[in-house]
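Down below is the structure, laid out as structure tokens.
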4 protein chains.
Amino acid sequence: MEWKTGITRVEPNRIEIRGYPVGDLIRNLTFGQAVFLLLRGEAPTQAQGRMMDAILVSTIDHSVTAPSACASRFVASGGTPIQGAVAAGLLAIGSHHGGAIEEAQKMFMDGVEKARAKNISLSTVANEILETHKSRKLRLPGFGHPYHKKDPRVTALFQLADELKFKEDHSKLAQEIEGNSDAVFGRHLQMNADAVMAAIVADMGFDWRMARGFFLISRCAGLVAHSYEEYTREKPFRAVDLKDVKYDGPDSRKLKS
Amino acid sequence: MEWKTGITRVEPNRIEIRGYPVGDLIRNLTFGQAVFLLLRGEAPTQAQGRMMDAILVSTIDHSVTAPSACASRFVASGGTPIQGAVAAGLLAIGSHHGGAIEEAQKMFMDGVEKARAKNISLSTVANEILETHKSRKLRLPGFGHPYHKKDPRVTALFQLADELKFKEDHSKLAQEIEGNSDAVFGRHLQMNADAVMAAIVADMGFDWRMARGFFLISRCAGLVAHSYEEYTREKPFRAVDLKDVKYDGPDSRKLKS
Amino acid sequence: MEWKTGITRVEPNRIEIRGYPVGDLIRNLTFGQAVFLLLRGEAPTQAQGRMMDAILVSTIDHSVTAPSACASRFVASGGTPIQGAVAAGLLAIGSHHGGAIEEAQKMFMDGVEKARAKNISLSTVANEILETHKSRKLRLPGFGHPYHKKDPRVTALFQLADELKFKEDHSKLAQEIEGNSDAVFGRHLQMNADAVMAAIVADMGFDWRMARGFFLISRCAGLVAHSYEEYTREKPFRAVDLKDVKYDGPDSRKLKS
Amino acid sequence: MEWKTGITRVEPNRIEIRGYPVGDLIRNLTFGQAVFLLLRGEAPTQAQGRMMDAILVSTIDHSVTAPSACASRFVASGGTPIQGAVAAGLLAIGSHHGGAIEEAQKMFMDGVEKARAKNISLSTVANEILETHKSRKLRLPGFGHPYHKKDPRVTALFQLADELKFKEDHSKLAQEIEGNSDAVFGRHLQMNADAVMAAIVADMGFDWRMARGFFLISRCAGLVAHSYEEYTREKPFRAVDLKDVKYDGPDSRKLKS
């Protein structure tokens with residue numbers, strides 16, 4: 001089997017990430033800067049590194065109100081080591097939880113490409129996206145949140161992206177979609193953390209197929225915290241109480257022989 | 001890298017499990033019989049195959065009162081495909097949930113070996129085990145259950161093992177431990193499904209390092225059922241309601257610059 | 001949080017799967033029969049139970065020539081307990097490995113529905129499917145295999161399905177696709193185990209969204225066998241040898257300060 | 001079910017990590033600083049934050065010569081989304097791969113405690129540890145590496161720890177063990193990245209039960225990179241070639257009826 005890779009060169013007593021000696025990275029980079037280098041292949045500018053750290057910090061945890069934290073805690077509670085508990089939590093990062101970054105980024109990139117190809121405004125594209133999703137009764141990836149009308153992560157990330165000059169067409173399209181949503185969709189669709197991350201990493205030039213990766217790396221830390229808390233503060237075998245389960249299947253019966 | 005294996009021979013147009021053509025197995029074996037062959041290396045007798053099917057049936061599901069089912073459902077709810085949801089559930093099969101089969105089987109095997117080596121009765125060994133666990137304040141693996149005083153799986157499995165002539169020293173030791181528990185431990189420790197599976201597979205001659213495997217194969221089916229039910233009957237993003245979370249960490253504060 | 005389920009009723013000293021007492025199932029059912037009951041909601045006929053056992057036996061293992069077995073062995077080799085190793089293997093059951101059952105079943109069901117709705121022959125539908133996939137350069141899910149031109153599992157499963165009277169339109173469509181492939185697609189596309197399982201479970205009346213589940217349950221056993229073999233026969237830390245890795249990334253360089 | 005947590009407070013339009021508003025963290029912290037806050041409960045000093053970033057950078061990737069990267073790539077190759085591929089890789093972080101940080105940290109902490117309690121030198125404790133492991137033929141967790149005699153991560157991390165004044169007794173004990181190994185163990189046991197991380201996080205005051213967490217967070221990034229590379233540069237279904245598999249199981253045989 002051929003194992004080809006362009007990420008890391010390992011030789012005896014030598015480890016280079018994208019060509020840079022690991023010792024130099026340890027001494028000089030923040031983790032966000034190193035993630036940028038690892039995933040992009042090139043060392044970040046100060047602004048790129050700062051933005052990446054901010055992105056990773058933004059979704060580091062969201063308490064047990066996220067399916068991922070609950071999955072981790074149930075697994076920890078079963079008596080499995082922490083790598084298993086954290087892995088279970090990451091598995092929950094699918095299209096309805098964090099994974100929407102991917103769908104949102106693709107939507108923004110397709111939209112921006114369309115605006116450029118057809119020479120139409122981002123606002124027009126935003127309306128088309130809203131109308132398509134409305135008529136097909138589809139969820140708009142990255143918009144809406146069960147708890148937050150005004151997600152503090154959206155505000156902070158966009159403000160920083162603005163200061164660091166990263167806000168380009170993808171971020172603008174995201175804001176156009178939010179801005180036009182009342183008129184077109186009939187209700188206000190506020191961006192959530194998925195959408196703002198998607199817009200910014202698109203503006204930074206990342207591939208949408210990597211989008212979920214930022215959330216995975218970030219939330220991995222939160223899942224370590226939840227697993228540790230479960231092991232150290234809770235009794236084993238977290239279980240739903242019988243009285244909280246509503247069984248609505250077939251009534252008692254006998255096998256026919 | 002060397003890939004050595006004694007399980008399955010694969011050649012063009014030919015698949016043999018432990019030497020037997022897969023076509024013959026498809027036509028002639030139940031899944032329990034095939035599992036016996038796969039894990040033991042030899043085709044089962046009728047009694048061995050029957051017992052294996054019964055073992056696999058016994059723990060096929062236990063509703064959402066098991067951490068594994070909850071983990072699967074949270075992951076399914078995050079929008080990840082079924083292999084991820086089922087994997088997350090299996091991850092919860094640790095020392096406190098199903099995985100206790102391993103610890104229980106090892107305990108029974110060590111106990112039986114000790115009884116033979118020292119020529120003492122199983123009852124004496126049972127008392128020693130109970131006393132050791134009591135004095136060290138350790139949980140006795142495979143004994144006790146949050147809901148069942150008399151687990152219907154224990155009754156059915158032991159009855160069948162008896163009919164099929166599989167009950168030997170490991171099962172007897174398990175029963176001695178249960179029987180002596182009131183006197184030695186101060187409260188009745190009834191066997192749960194983990195202990196009875198552990199005792200029977202030990203009596204059937206399986207290695208304790210394989211013990212969790214039977215539970216994993218069996219419960220995998222239940223986790224498929226729960227994942228499917230979550231996808232088809234529930235809304236995406238199963239989340240703990242804010243009012244059910246009690247935050248007891250540090251109060252609001254500001255970063256010092 | 002509401003935990004609603006129609007699968008298993010758990011009450012103190014009572015466990016019922018789809019309404020049947022677990023003790024009755026332990027005494028009377030093979031694992032295949034119990035899986036049918038669990039996933040379908042109703043007890044199987046003899047023929048349905050026999051077919052289900054055969055399906056589960058058919059994909060029980062395929063050696064380390066499957067990505068899933070390799071994933072399990074690497075994880076076992078890292079020193080993680082067996083539930084983690086098995087879970088990692090199951091995670092590999094995606095669209096290109098086992099998971100194709102889902103896509104194949106959906107394709108067969110859509111095809112049969114179309115034939116009925118438009119009152120056209122299955123052969124005509126088969127040609128349309130072949131032409132669509134050819135013109136879009138798409139892989140045909142469930143057809144082709146890296147090693148087997150004539151997969152022994154396909155022969156044995158279809159023969160049994162024939163004897164048990166399960167071969168209906170979905171199986172016929174699968175065979176029409178294979179039969180017409182040379183003429184339409186330009187090369188022979190033989191059915192693999194995914195396609196035959198997909199066709200039969202469709203003919204048995206299962207939902208395509210459950211299709212991957214059969215493979216997951218079946219292969220779970222193989223992954224237990226591989227994990228166990230890795231723990232007991234191999235040294236820890238299975239690693240690719242440095243000489244087998246071809247690094248083709250950026251050459252050594254220095255960070256600019 | 002009670003969901004108690006001291007990690008993150010979530011309320012409508014408000015997210016606080018350990019009491020700090022997430023917006024402040026996004027604007028002011030590197031990811032390493034945020035991880036320190038999340039896992040320790042208190043905001044780091046500049047030195048603590050710097051050290052944490054360095055620790056997380058140090059094990060960010062080690063190419064496909066690590067079981068975790070191989071597990072991720074096999075799962076990606078099966079056609080499962082990236083959260084599944086990354087989770088599979090994390091599952092390999094067990095006692096023989098990264099997970100040794102936990103065992104090493106515990107060993108260092110027990111050793112330092114013993115030195116203090118008995119008022120003996122760290123060098124004496126180091127000798128005792130070496131002798132115990134030698135006589136019991138146990139692997140010394142965190143020492144030895146398949147490729148590196150002089151691991152560049154060890155050098156860089158210890159140098160930084162020294163500059164930042166974090167090197168205390170646990171680091172010293174680690175160095176005593178390495179230094180005395182030739183004399184006591186009969187061969188030189190050089191520290192690997194696991195040991196140096198274990199020693200430093202112990203000196204920083206972290207609980208050994210959290211030790212694997214640092215490696216999980218760090219390597220999560222590497223696994224994202226490998227999964228992405230597999231999806232975008234390799235063909236689906238990575239499989240071991242038949243000629244590289246050595247089957248050594250039972251020869252072909254027939255089922256007896």
Side-chain angles (χ1 to χ4, degrees), chain B residues 1-12 14 16-21 23-25 27-29 33-34 37-38 41-45 64-65 70 75 78-88 90-91 239-257, chain D residues 1-12 14 16-21 23-25 27-29 33-34 37-38 41-45 64-65 70 75 78-88 90-91 239-257:
Chain B
M1 192 184 318
E2 193 180 35
W3 292 95
K4 230 180 13 181
T5 180
I7 302 168
T8 300
R9 185 204 298 265
V10 174
E11 292 174 9
R14 185 183 181 196
E16 288 173 1
I17 312 282
R18 303 290 189 184
Y20 297 104
D24 286 4
L25 307 183
R27 276 186 291 274
N28 294 298
L29 300 190
Q33 292 172 320
L37 167 64
L38 183 78
E42 297 298 325
T45 62
V64 290
T65 61
C70 297
V75 169
T80 283
I82 194 166
Q83 67 270 29
V86 172
L90 290 186
L91 287 172
V240 177
D241 197 278
L242 289 187
K243 73 172 167 41
D244 295 331
V245 185
K246 186 175 160 18
Y247 172 76
D248 60 2
D251 213 344
S252 305
R253 48 184 174 168
K254 285 202 157 67
L255 277 180
K256 282 170 200 148
S257 48
Chain D
M1 192 183 317
E2 194 181 34
W3 292 95
K4 232 180 10 182
T5 179
I7 303 168
T8 300
R9 185 205 298 263
V10 174
E11 290 173 11
R14 185 182 182 195
E16 290 172 0
I17 312 282
R18 303 289 189 185
Y20 297 104
D24 286 4
L25 307 184
R27 276 186 291 273
N28 295 298
L29 300 191
Q33 291 172 320
L37 167 63
L38 183 77
E42 296 299 325
T45 62
V64 290
T65 61
C70 298
V75 169
T80 284
I82 194 166
Q83 67 269 31
V86 173
L90 290 186
L91 286 172
V240 176
D241 197 279
L242 289 188
K243 72 171 168 42
D244 295 330
V245 184
K246 184 175 160 18
Y247 173 76
D248 60 3
D251 214 344
S252 305
R253 49 185 175 167
K254 283 203 158 65
L255 276 180
K256 280 169 203 151
S257 48

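The chains referred to below are lettered A, B, ... by the order of the sequence lines, with proteins before strands, and numbering in each begins at 1. What you are looking at is a predicted structure, and each value in this text was computed from that prediction instead of being measured.
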- Message: Under 4.5 Å from any heavy atom of chain B, what part of D:Val240 do you find: side chain, backbone, both or neither?
- Response: side chain
- Note on the structure: Smallest heavy-atom separation, D:Gln33 atom then D:Asn28 atom, equals OE1-O, 3.8 Å
- Quick one: of D:Gly19, D:Gly249, D:Ala88, D:Ala43, who has the most non-hydrogen atom pairs under 4.5 Å with chain B? D:Gly19
- Bottom line for B:Ile7: the part with an atom under 4.5 Å from chain D's heavy atoms is backbone
- Message: Going by the rule salt bridge (charged side-chain N to carboxylate O under 4.0 Å, His left out), which residues pair with D:Arg18 if we only count those two or more places apart in sequence or in a different chain?
- Response: none
- Query: What's the shortest heavy-atom distance between D:Pro12 and B:Leu242, and which atoms?
  - Reply: CD-CD1, 3.8 Å
- Message: Give me each pair satisfying side-chain hydrogen bond (donor to acceptor under 3.5 Å, both in side chains) with a member in residues 245-255 of chain B, each pair once, sequence neighbours excluded.
- Response: A:Arg233-B:Asp248, B:Asp251-D:Arg9, B:Ser252-D:Arg14, B:Ser252-D:Glu16, B:Arg253-D:Glu42
